[in-house]
Amino acid sequence: MAGEPIKPKSADVASAKAGMRSESRVPEARPSTSEDIAAFVAKARAMSPHGAGAKGRLVFALDATMSRQPTWDMACALQADMFREAGSLGSLDIRLVYYRGFNECRATGWISDSAQLARLMGKIDCQGGNTQIGKVLSEARREAVASGVRAVVFVGDAMEEQVDDLCAKAGELGLLKVPVFMFQEGHDPTAEQAFREIARLTGGAWCRFDPGAAAQLRELLRAVAAYAAGGREALLRLSKTMGGAAALIGQMK
C-alpha cells in the first residue's frame with residue numbers, strides 16, 4: 001500500500017524473534033571535511049539529554065536499492081558497534097527499516113541483540129528500485145507515537161521523491177522531538193539538499209561519509225547509538241574517551 005511499509009512474511013518473524021512485522025549528475029566530488037563531522041557532533045551534543053541507564057530506541061533505516069549493496073554489507077558488519085556503544089549506558093533496541101525493489105518497504109520488530117540483527121540483515125539482498133524515504137519517515141512517526149523513539153538514523157545516497165512531501169513528514173517528527181540523523185554516502189546534490197532539510201526540520205543532523213569508508217560510518221553510528229541510549233552527556237563522554245572531537249575526526253579521515 002502506498003505510504004505504508006509492507007509487512008514481511010511470517011517466516012521472518014521466527015528468525016528475528018520479535019520478527020519482521022506487517023514489514024543532476026554529481027559535481028566533482030570533494031572529500032569529507034573535518035567541518036562536516038565536527039558540525040554533526042556539535043549538533044548532537046546540543047540536543048536534550050536522556051537519563052543514563054534508560055533503554056534507548058533507535059530506528060536504523062537503510063536504502064537497500066541495487067547501488068547500495070556495498071554499503072549494506074558494511075552496515076551489517078558495523079551494526080554491532082551500536083549495541084556495544086550503548087551497552088555501558090543502559091540498553092538499546094533497534095528497529096531496522098529498509099526499502100528496495102518495486103514499492104517494497106519492510107520493518108523488523110524491536111531487536112536488542114546484535115547477533116540477531118546481523119543474521120536478519122545477512123538474509124537481505126539489495127534490489128533495484130526508487131527511493132522510499134517517505135515511508136521510512138512515516139514508519140518512524142508511527143513508532144514514535146506507539147512506543148517511543150529517541151532517534152532515527154538513515155543511510156543512503158539518493159532522493160527521488162517530492163521533497164515537500166518528505167519535509168511535511170519530517171516536520172511531524174520534529175513536533176514529536178524525534179531527531180533524524182541523515183548520513184549521506186557520496187555527493188548527490190539533490191540528496192544533500194533534501195537530507196539537510198529533513199535533519200533541520202527534525203532537530204537532527206546531516207553528515208556525509210565517503211563511499212566505502214567504514215571507519216567514518218562506524219564512528220557516526222556509534223555516536224548516534226550513544227545519543228539514543230544516553231543523550232547529550234553520553235555523546236560527550238564518548239568524545240572524551242576517544243580523545244576529544246579532534247581524535248574522532250582523525251579516525252574518520
Side-chain angles (χ1 to χ4, degrees), residues 1-6 24-30 32-33 35-37 39-40 42-44 46-47 58-68 71-72 75 95-107 126-145 149-211 216-217 220-221 224:
M1 184 188 307
E4 302 293 331
I6 297 173
S24 95
R25 243 344 278 171
V26 179
E28 183 176 334
R30 64 175 179 82
S32 299
T33 67
E35 289 77 11
D36 290 336
I37 306 301
F40 161 72
K43 182 71 176 182
M47 296 177 185
L58 172 69
V59 172
F60 183 29
L62 293 166
D63 179 331
T65 55
M66 190 67 75
S67 66
R68 309 302 301 144
T71 301
W72 181 276
R95 181 173 172 83
L96 175 67
V97 180
Y98 67 94
Y99 57 79
R100 63 181 182 175
F102 177 70
N103 203 35
E104 178 184 2
C105 185
R106 297 179 183 265
C126 295
Q127 299 176 4
N130 293 329
T131 66
Q132 301 177 57
I133 301 169
K135 292 182 181 180
V136 170
L137 299 178
S138 293
E139 176 65 16
R141 182 190 183 281
R142 274 192 294 273
E143 283 300 319
V145 171
V149 173
R150 286 187 171 175
V152 178
V153 56
F154 173 81
V155 182
D157 66 346
M159 194 289 296
E160 299 159 325
E161 300 160 67
Q162 292 294 322
V163 68
D164 287 342
D165 293 342
L166 298 183
C167 288
K169 295 175 186 294
E172 294 177 350
L173 284 170
L175 291 174
L176 293 169
K177 308 297 184 184
V178 178
V180 180
F181 297 90
M182 302 295 291
F183 296 157
Q184 179 184 355
E185 181 179 30
H187 301 265
D188 185 320
T190 300
E192 178 177 339
Q193 181 181 35
F195 290 5
R196 283 181 178 273
E197 191 65 4
I198 291 169
R200 184 187 71 80
L201 289 167
T202 61
W206 167 89
C207 193
R208 187 198 314 281
F209 67 98
D210 296 323
Q216 288 178 313
L217 184 58
L220 292 171
L221 294 178
V224 173

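Values in this document were obtained by computation on a predicted structure and should not be read as measured data.
Nearest heavy atoms, Pro179 versus Gly204: CB-CA, 3.8 Å. In terms of heavy-atom proximity, Gln184 sits nearest to Ala191 at NE2-CB, 4.0 Å. Counting all heavy atoms, side chain and backbone alike, Cys207 lies closest to Leu220 at SG-CD2, 4.0 Å. Of all heavy-atom pairs between Ala144 and Leu176, the closest is CB-CD1, 4.1 Å. Closest non-hydrogen pair, Met66 versus Gly128, comes out as CE-N, 3.6 Å. Nearest heavy-atom pair, Ala205 versus Ala199, reported as atom, atom and distance to 0.1 Å: C-CB, 3.5 Å.
Between atom CG of residue Asp188 and atom CE of residue Met159 there is a gap of 8.5 Å, rounded to the nearest 0.5 Å. Here the CD1 atom belonging to Ile198 is positioned 5.0 Å from the CG atom belonging to Leu166, to the nearest 0.5 angstrom. We find the CG-CZ distance between Leu175 and Arg141 to be 9.0 Å, quoted to the nearest 0.5 Å. Put simply, CD on Gln127 and CD on Glu104 are 5.5 Å apart, with the number rounded to the nearest 0.5 Å. Here Asp210 contributes atom CG and Gln216 contributes atom CD; the two are 4.5 Å apart, rounded to the nearest 0.5 Å. Note that CZ of Phe195 and CG of Asp157 are 7.5 Å apart. Values are rounded to the nearest 0.5 Å.
Inter-residue side-chain proximity for Phe183 and Thr71 is flagged as unmet; no heavy-atom pair is nearer than 4.5 Å.
At distances below 3.5 Å, at least one donor-acceptor pair connects side-chain atoms of Thr131 with backbone N or O atoms of Glu160. The backbone N or O of Gln132 sits less than 3.5 Å from a side-chain atom of Glu161, completing a donor-acceptor pair. With hydrogens and angles disregarded, no donor-acceptor distance shorter than 3.5 Å links the side chain of Arg100 to the backbone of Asp63.
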Practice item. Determine, stepwise, if the pair Val155 / Phe209 fulfils side chain to side chain contact (heavy atoms under 4.5 Å, CB included). Key: CA-CA 10 Å; Val155 182; Phe209 67 98; 3.8 Å; yes

Exercise for review: Take Lys135 and Asn103, measure what side chain to side chain contact (heavy atoms under 4.5 Å, CB included) needs, and give me the verdict at the end.
Suggested key: CA-CA 10 Å; Lys135 292 182 181 180; Asn103 203 35; 2.4 Å; yes

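The aromatic rings of Phe154 and Tyr99 sit parallel to each other, their planes meeting at less than 30°, with 60° as the upper class boundary.
Of the charged side-chain nitrogens involved, at least one lies within less than 4.0 Å of a carboxylate oxygen, so that Glu192 and Arg196 count as a salt-bridged pair. Residues Glu172 and Lys169 are not paired through a salt bridge, judged by the lack of any N-O separation under 4.0 Å between the basic side chain and the carboxylate.
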